[in-house]
Chemist: 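Could you have a look at this structure, given as structure tokens, before my questions?
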2 protein chains.
Amino acid sequence: MSDRRQARRQQTIDEVVATALEVMAETGAAGLSLGEVAKRMGIRTPSLYGYFASKAALCDELFARGWQEVGALMGPSYDALSAGADAAGLLLDNLSTFVGWALDHRAQAELMFWRPIPGWEPAPEAYAAAVQLTEALSGALANLQLRGLLRPDADVEEMGRVITVLSAGVISQQLSNEPGARLAEGRFAGELGRLVAMFLHEFGAGKKAADLRPDGSRKRVRR
Amino acid sequence: MSDRRQARRQQTIDEVVATALEVMAETGAAGLSLGEVAKRMGIRTPSLYGYFASKAALCDELFARGWQEVGALMGPSYDALSAGADAAGLLLDNLSTFVGWALDHRAQAELMFWRPIPGWEPAPEAYAAAVQLTEALSGALANLQLRGLLRPDADVEEMGRVITVLSAGVISQQLSNEPGARLAEGRFAGELGRLVAMFLHEFGAGKKAADLRPDGSRKRVRR
DNA sequence: GTCTATATCCTGATAGAC
DNA sequence: GTCTATCAGGATATAGAC
């Protein structure tokens with residue numbers, strides 16, 4: 001009985017989240033308003049406070065769910081690591097997944113990457129999923145390095161920083177200069193292969209440029 | 001007499017702009033409010049409408065002035081081109097100037113790079129300065145290419161896109177992950193030299209990695 | 001659990017007196 | 001040019017009835 005009530009409650013919470021994302025998608029992250037969310041759900045604004053303690057708490061939830069979702073999408077490419085995936089494949093896959101998701105979830109990405117809402121910043125708990133993701137990236141880079149696919153003298157943390165700079169740069173340019181473009185159409189997203197190639201020229205173990213194909217993929221290197 | 005009135009008016013406009021930037025710096029770009037601006041100036045809100053037709057018009061002005069200011073800062077490094085500057089020096093200078101300015105003007109940068117204010121997007125006229133800057137970048141890259149410092153087969157437009165991705169990426173990561181850090185302290189800003197090196201590995205005319213010093217600067221190449 | 005009602009405050013913007 | 005007065009509406013949040 002209490003289970004049923006719990007389930008119903010969770011369902012309503014999910015509906016609030018979905019509606020909030022809908023509003024943000026139309027108005028930008030800073031345009032989120034509880035009144036508009038309530039109106040679309042067919043309830044009154046105060047009822048929302050039964051599910052979220054404040055607007056900030058709702059933002060935290062949207063933030064955390066976004067990073068969780070991205071993390072879940074990244075799973076497969078990290079799994080491919082144990083199957084012996086190469087560096088270029090992994091990185092291109094990773095960046096494309098990340099950038100693609102951000103372009104498909106503009107407003108939520110805004111909330112996750114920047115600080116668009118006056119007075120709000122993510123609570124430490126909400127950060128957890130984001131931290132987990134950067135740790136997974138570091139782990140993957142360390143794995144590649146151990147397998148001899150990245151320079152043994154490169155700093156894993158630095159490589160991680162560079163990777164996040166590249167993804168944030170593409171997302172930022174794409175969202176503000178060609179809003180609405182998807183992964184396949186964007187001129188900046190189209191540079192992802194090139195950026196991966198640049199990264200591997202700098203950090204890849206093989207020093208010969210010939211190891212790299214123009215699209216950024218990399219010849220398989222026998223372990 | 002009319003000149004004096006004009007001058008006084010311009011002075012007030014400048015004060016509105018300065019105050020608006022002050023407010024934005026404290027609250028984020030989306031936190032800009034005309035009431036707060038008026039209060040700090042010691043006037044009433046309606047008086048502002050004598051100088052700006054709307055909040056959007058004020059935002060346009062802030063946007064345009066930001067790009068103008070950055071453009072003016074870039075001038076010297078572009079001038080160095082005719083004096084025979086090399087690619088690494090120019091690019092590092094350029095990126096550092098840009099990123100440094102953005103970190104010192106967080107909120108204005110927010111306005112210029114993203115779309116933080118619901119319902120506002122820059123008017124075409126406000127864009128002019130931004131366009132001018134990307135054209136200056138393309139011009140500089142073409143100059144370097146003509147002088148044999150960049151691969152002759154590289155696409156100038158593409159190189160320009162990559163450069164803007166790098167700067168936007170550093171700015172984005174720096175502003176959201178280490179807010180408050182200046183150019184010299186930021187961990188992401190600290191990668192600028194590395195990023196320039198990566199760029200030149202990919203697009204530089206000299207193919208040997210030995211041509212590049214670790215900090216991203218490049219040996220002078222006699223024309 | 002959801003409602004009505006309300007508190008409190010802020011928003012951008014306009015009309016018209018001085 | 002700047003003001004007062006005001007519009008018309010929005011925001012988040014709380015108290016207490018049903």
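Numbered from 1 within each chain, the chains take letters A, B, ... in sequence-line order. The model shown is predicted, which means the values in this text are computed figures rather than measured ones.
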Chemist: Restricting to pairs with a member in residues 171-182 of chain B, which pass salt bridge (Lys or Arg N to Asp or Glu O under 4.0 Å), not counting sequence neighbours?
Modeler: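 Sorted pair list: B:Asp104-B:Arg182, B:Glu178-B:Arg187.
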Chemist: Give me each pair satisfying side-chain hydrogen bond (donor to acceptor under 3.5 Å, both in side chains) with a member in residues 40-51 of chain B, each pair once, sequence neighbours excluded.
Modeler: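 side-chain hydrogen bond (donor to acceptor under 3.5 Å, both in side chains) check on residues 40-51 of chain B returns B:Glu22-B:Arg40, B:Glu26-B:Arg40, B:Glu36-B:Arg40.
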Chemist: What pairs of donor and acceptor atoms, side-chain ones from residues 65-72 of chain B against any protein atom, are under 3.5 angstrom apart with sequence neighbours left out?
Modeler:
| from | atom 1 | to | atom 2 | distance (Å) |
| --- | --- | --- | --- | --- |
| B:Arg65 | NE | B:Glu61 | OE2 | 2.7 |
| B:Arg65 | NH1 | B:Asp14 | OD1 | 3.2 |
| B:Arg65 | NH2 | B:Asp14 | OD1 | 2.9 |
| B:Arg65 | NH2 | B:Glu61 | OE2 | 3.4 |
| B:Glu69 | OE2 | B:Trp101 | NE1 | 3.0 |

Chemist: Go through the structure and list residues passing side-chain contact (heavy atoms from CB on, under 4.5 Å) with B:Ala168, not counting sequence neighbours.
Modeler: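 Per chain and number, B:Ala168 pairs via side-chain contact (heavy atoms from CB on, under 4.5 Å) with A:Ser172, A:Gln173.
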Chemist: Going by side-chain hydrogen bond (donor to acceptor under 3.5 Å, both in side chains), name the pairs with one or both residues in residues 115-125 of chain A, residues two or more places apart or in two chains.
Modeler: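 Output for this query lists A:Asp60-A:Trp120, A:Arg115-A:Tyr127.
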Chemist: Test: ring pair (Phe, Tyr, Trp, His ring centres under 6.0 Å). Region: residues 180-199 of chain A. Which pairs qualify, not counting sequence neighbours?
Modeler: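 Qualifying pairs, neighbours excluded: A:Phe199-A:Phe203.
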Chemist: Near DNA chain C, which residues from residues 10-18 of chain B have a heavy atom under 4.0 Å away?
Modeler: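 None, since no heavy atom is under 4.0 Å.
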Chemist: Name all residues meeting the side-chain contact (heavy atoms from CB on, under 4.5 Å) criterion together with A:Glu157; count only those two or more places apart in sequence or in a different chain, and write none if there are none.
Modeler: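 In terms of side-chain contact (heavy atoms from CB on, under 4.5 Å), with neighbours along the sequence ignored, A:Glu157 is linked to A:Ser138, A:Asp155, A:Arg161.
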Chemist: Do A:Phe113 and B:Phe113 make the cut of ring centroids closer than 6.0 angstrom?
Modeler: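 Centroid distance A:Phe113-B:Phe113: not below 6.0 Å, so no.
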Chemist: In whole Å, I'd like the distance from the OH atom of B:Tyr51 to the P atom of C:dA13.
Modeler: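 That distance rounds to 17 Å.
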Chemist: Any chance you could list the contact pattern along nucleotides 3-18 of chain D? Use B for base contacts, S for sugar-phosphate-only contacts and - for none, protein heavy atoms under 4.0 Å, 5' to 3'.
Modeler: BBB-----SSBB----
Chemist: Quickly work out the B:Arg9 CZ to D:dG1 P distance and round it to whole Å.
Modeler: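 Whole-Å distance recorded here is 7 Å.
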